[in-house]
Amino acid sequence: MSAEMPDPLGRENEELRQEVRTAREAAEITAQLVAEQFEETERILALFQSANAQREAVLNAASRISIIAADKEGRITLFNRGAEGMLGYAAAEVLGGRTPLDFHLRTEIVARCEELGQIVGEAVEGPGLFMQYARRQMSGEQEWTYVRKDGSHIQVSMSVTGIHSGDGELGGFLCAAMDITHLKRQEERLRQAMTVAESANRTKTTFLANMSHELRTPLNAIIGYSEMLEEEAGDAGLGGFVEDLRKIHTAGKHLLALINDVLDLSKIEAGKVELFVESFSVASMIDDVASTIRPLIEKKENRLEIKVAEGLGTMKSDLMRTRQILFNLLSNAAKFTEKGTITIEAFADASSREEQIVFRVRDTGIGMSPEQIARIFQPFVQADSTTTRKFGGTGLGLTISRTFCRMMGGEVAVESREGHGSTFTVTLPQEVKSKREALEGGGAAERLKPREKASTPRGPNTVLVIDDDPAVHELLANYLEKDGFDVVTASSGEEGIRLALELRPTVITLDILMPGMDGWAVLRALKSNPDTSQIPVVIITIEENRNLGFTLGASDFLVKPVSHLELFDTLRKYKRVSVTGRILVVEDEEETRNLLVRLIRKEGWDVAEAENGRVALDRIAERKPDLIFLDLMMPVMDGFEFVKEIRNREEYQLIPVVVVTAKDLTPEERQWLNGNVYQVFKKGSYNRSELMRQVRELVLRHVSPRPEAGKDVKRGG
C-alpha cells in the first residue's frame with residue numbers, strides 16, 4: 001500500500017478523539033451551569049428564609065398589636081405574639097382550628113352583621129362577616145371588644161384587610177387590632193373632668209348671678225333712698241342735708257359702676273357674654289347716652305357737643321352693649337378733662353365696602369403718651385400709677401369696651417397727645433350678625449319701638465304724624481314717645497287719611513308741603529268726614545299761613561323748626577290723663593319694695609305690694625292692677641313663673657309688666673321677656689324721674705282714658 005493512500009482507521013480515531021473532546025467540553029459546561037443554578041437556588045432560598053424570618057420578626061415584634069390571619073373558610077393561619085399576649089392563647093392552640101369570631105362578643109357580632117346587612121342590602125351571617133369586610137374593601141378601623149381566654153374583656157381598635165393570591169383572587173383576611181383600653185380610660189377621665197369643669201363653670205355663673213343680685217339690690221336701695229331724701233330735703237328747706245345726700249347718691253352710683261365692670265369682666269372671661277341684636281335709632285340712642293352722662297361731664301365744668309350726621313337712621317346691633325361702649329368712653333373723657341369740651345360724633349363710613357357706623361369721642365383733656373396708649377386696653381391698667389391715684393377707677397372700662405366692639409365685628413382705636421386731649425374712634429357694622437339670629441328669626445321686629453312695628457298702637461294717647469320727611473318722623477317720635485305718646489307715622493296724605501279713619505288718634509300733626517296730596521287737601525278731607533272731623537290737627541310746617549290753617553279747622557299751627565318744649569306744650573292739652581290706676585309691686589326685698597311703693601304713692605297712684613309671685617297672684621285676684629312692677633329673683637314663685645302664669649290667663653294677659661331686677665339676664669331670658677313684659681330696668685341703673693316717666697306713660701296708655709279734673713279736652717277746631 002502506498003504512502004499516499006488514506007488511512008481509514010486513523011481518520012476514525014481522529015473523529016473519535018474530536019467527539020470525546022466535544023463531549024468533555026459539553027460536560028464541563030453542563031457541570032458549570034448546574035453549579036451556578038444550585039448556587040442561585042441556594043441564594044434564593046436563603047433570601048426567602050431571611051424574608052420569612054424578617055416577617056416573623058416583624059409580626060412578633062409588634063407585641064402591642066394583635067395580628068390574626070385566616071383563610072377564606074375562616075380558619076386561623078397566623079397568630080402573632082401580640083395576639084398571644086393580648087388574648088392569652090398560644091399560637092399552637094388556635095392555628096388551623098379556630099376562627100377570629102371566637103374572640104368577639106356574640107352580641108357585637110350580631111349587631112355588626114345587621115349593620116353591614118343594611119349597607120350591602122343583603123343578609124350577612126356571622127361566619128362570613130370578616131370576608132364581607134375584606135371583599136368590599138371596608139378596612140376602616142372600628143371599635144370592638146375582645147374576649148380573652150380568662151373571660152375578661154378589652155377594648156380594641158381593629159381593621160380587616162383582604163389577603164389575595166398572585167392571580168388576584170381573595171384567599172382570606174387579616175385582622176389587625178390595637179388595645180385602646182388605656183385610651184378609653186383616658187377618655188372617660190377627660191369626660192369626667194369636663195363634667196366637673198362644666199359644673200364648676202355653672203357654679204361660677206350662678207355665683208356671678210347671685211352676686212349681681214346681692215350687690216345691686218342693697219345699692220339700689222342706697223341710690224333710690226338717697227335720691228328721694230335729697231329731693232325731700234330740698235323741698236323742706238334742709239339745704240345742709242342736700243349736699244351730703246348728693247354725695248351718698250354719687251358714691252352709690254360710682255360703686256355700682258365698679259361692680260358692673262368687675263362682673264362684666266368675669267362674664268367675658270367665662271365666655272358668658274352673648275349679643276342681643278335689635279334695631280334702634282342711632283340718634284335716639286346717643287340722646288339717651290348724652291342725657292345720662294351730661295351731669296358727670298358738667299361736674300368739671302365741661303361742655304358736651306353732639307354731632308350726628310343727618311339721615312343716619314337705624315342700626316341693628318346690641319343696643320345695651322353699644323350704649324355701654326359710648327358711656328365708658330364719655331365717662332373716661334369726663335374724668336380726664338376739666339373746663340374743656342367733650343364731643344361725640346356719629347356718621348356713616350362712606351369709605352368702607354360694608355355699611356358701618358363710626359362713633360367718635362373727642363376730649364380736650366390731659367392726653368396720653370405713646371407708652372401710655374400701649375397699655376390702656378389691658379385689664380386693671382390705667383395710663384400710669386399717678387393717673388390711678390389722682391383720678392381713680394378700675395381700669396376696666398376700655399378693656400370691656402374693646403371686647404364688646406370686637407364681639408360685634410367692630411374695633412376701637414385711639415389717638416392722643418399729651419396735653420392735647422384724646423380721640424377714641426369706634427367702628428361698628430350697621431347690621432351685626434348675631435349667633436342667635438336664626439333662633440330669634442323675626443324677633444327683632446317685635447322689639448322695635450311702637451312706631452316701627454308693623455302693627456299700629458291704639459292707646460288713649462296716639463299721635464298720627466303725617467309728613468313726607470322720614471327725618472321728621474324720627475324727630476317727632478323721639479320727642480313724643482318720651483312724653484308718653486304712642487306715635488304712628490304716614491309718609492303721604494292718602495296714607496294719613498286712611499290711618500286717621502282706622503286708628504282715630506288723639507291728635508294729628510300735619511305737614512303742608514307734601515308731594516301729591518298736600519296738607520291743605522288732607523286737612524279739608526279730615527274735617528269734612530264726620531268720623532275724623534273732631535280729631536285735633538296741629539299743623540307743623542315751614543309755610544307761614546296760619547289764617548288759612550285755622551279757617552280750614554286746624555287746632556294749632558307750629559312753624560318748623562319746632563323745639564321739644566314747644567311741641568310738648570302744644571300737645572299736652574290734648575293728652576288724656578288718668579291718675580286712678582292701681583299698681584302692684586312684686587319684690588321680695590323689703591327695702592326695695594318700700595322704696596318703690598313710696599315713689600309711686602308720691603305720684604298719686606294706688607299701690608298694692610307682694611313679696612313673691614304666689615302672693616302677687618292673690619293680690620291680682622282681689623283687684624286687677626293696671627300695671628305691675630316685678631322682680632325676677634324671688635322665693636316661692638319667681639318672676640319668670642309669675643309672668644308665665646298671668647300670660648296663660650286670658651283676663652290678665654293685657655296687664656303691662658315692668659321688670660326691675662338686679663339679675664344679669666341671658667339672651668334667652670331677654671328674648672323670652674321681650675314678648676311678655678313692657679320694659680326691663682336693672683336695679684340701680686335708673687333714676688326716680690325716669691322710672692316715674694315710664695309709670696306715667698304706661699298708665700296713660702293702658703288705663704281707661706279720663707280727662708284731667710276741671711279741664712275739657714279740646715276735640716276739633
Side-chain angles (χ1 to χ4, degrees), residues 443 446-450 453 455-462 481 484-486 506 575-589 592-661 663 665 669-683 686 690-706:
E446 294 301 318
R447 293 189 298 275
L448 300 182
K449 294 183 177 180
K453 288 182 181 177
S455 59
T456 50
R458 300 173 180 271
N461 287 288
T462 299
E481 286 179 353
F485 288 97
D486 279 321
T506 307
K575 199 170 190 178
R576 302 169 187 173
V577 180
S578 170
V579 292
T580 61
R582 179 179 176 85
I583 296 176
L584 173 62
V585 175
V586 189
E587 166 68 64
D588 65 312
E589 291 285 342
T592 303
R593 189 171 69 247
N594 290 339
L595 175 62
L596 279 172
V597 169
R598 286 180 62 180
L599 289 175
I600 295 168
R601 278 185 180 150
K602 189 173 181 180
E603 295 292 321
W605 281 287
D606 181 26
V607 186
E609 52 187 292
E611 60 269 27
N612 59 60
R614 182 64 59 194
V615 175
L617 292 176
D618 296 336
R619 297 286 183 272
I620 296 176
E622 294 167 4
R623 179 181 168 189
K624 188 169 75 171
D626 299 290
L627 177 65
I628 298 172
F629 273 90
L630 176 68
D631 186 26
L632 293 178
M633 298 180 70
M634 298 181 295
V636 185
M637 176 185 282
D638 66 19
F640 293 103
E641 294 177 78
F642 172 75
V643 171
K644 194 179 300 182
E645 186 71 24
I646 66 170
R647 292 311 182 219
N648 286 334
R649 302 187 187 186
E650 186 176 354
E651 65 273 25
Y652 301 153
Q653 285 179 355
L654 298 180
I655 302 175
V657 176
V658 174
V659 168
V660 183
T661 183
K663 185 182 191 308
L665 300 175
E669 289 170 339
R670 293 176 67 188
Q671 177 72 21
W672 186 86
L673 287 172
N674 177 71
N676 290 285
V677 305
Y678 178 82
Q679 180 65 285
V680 176
F681 282 108
K682 183 172 285 188
K683 288 181 178 178
Y686 58 86
E690 182 182 2
L691 187 65
M692 289 304 100
R693 178 178 65 79
Q694 289 287 349
V695 173
R696 283 192 293 272
E697 179 180 341
L698 283 168
V699 171
L700 287 170
R701 285 184 182 178
H702 297 279
V703 179
S704 300
R706 188 177 129 183

Here the gap from Glu651 atom CD to Lys624 atom NZ, rounded to the nearest 0.5 Å, amounts to 7.5 Å
Minimum-distance pair of heavy atoms, taken over all atoms of Arg647 and Tyr652
NH1-O, 3.4 Å
Show the numbers, then the answer: is there a side-chain contact (heavy atoms from CB on, under 4.5 Å) between Ile646 and Leu617?
CA-CA 8 Å; Ile646 66 170; Leu617 292 176; 3.8 Å; yes
With sequence neighbours excluded, residues passing salt bridge (charged side-chain N to carboxylate O under 4.0 Å, His left out) with Glu622
Arg619
For side-chain contact (heavy atoms from CB on, under 4.5 Å), just list the numbers for Ile620 and Phe642, CA-CA rounded to whole Å, side-chain angles, deciding distance to a tenth of an Å, and then say yes or no.
CA-CA 11 Å; Ile620 296 176; Phe642 172 75; 3.6 Å; yes
For Val586 and Met634, run side-chain contact (heavy atoms from CB on, under 4.5 Å): C-alpha distance rounded to whole Å, both residues' side-chain angles, the deciding distance at 0.1 Å, then the answer.
CA-CA 9 Å; Val586 189; Met634 298 181 295; 3.8 Å; yes
Take Val643 and Val659, measure what side-chain contact (heavy atoms from CB on, under 4.5 Å) needs, and give me the verdict at the end.
CA-CA 10 Å; Val643 171; Val659 168; 5.6 Å; no
Ile655 side, atom CD1; Arg582 side, atom CZ - distance, nearest 0.5 Å
11.0 Å
Test item: Pro656 and Leu627 side chains (from C-beta on) under 4.5 Å apart, heavy atoms
yes
What are the two closest heavy atoms between Asp638 and Leu632, and how far apart are they?
CB-O, 3.1 Å
Check whether Thr462 reaches the backbone of Thr506 with its side chain - one donor and one acceptor, N or O, closer than 3.5 Å.
no
Show me the donor-acceptor pairs within less than 3.5 Å that the side chains of residues 609-616 make with the rest of the protein, sequence neighbours left out.
from	atom 1	to	atom 2	distance (Å)
Glu609	OE1	Arg593	NE	2.9
Asn612	OD1	Arg614	N	3.0
Asn612	OD1	Val615	N	2.9

Holding to side chain to side chain donor-acceptor pair (under 3.5 Å), I want the full list of residues that pass it with Glu645, two or more places apart in sequence or in another chain.
Arg649
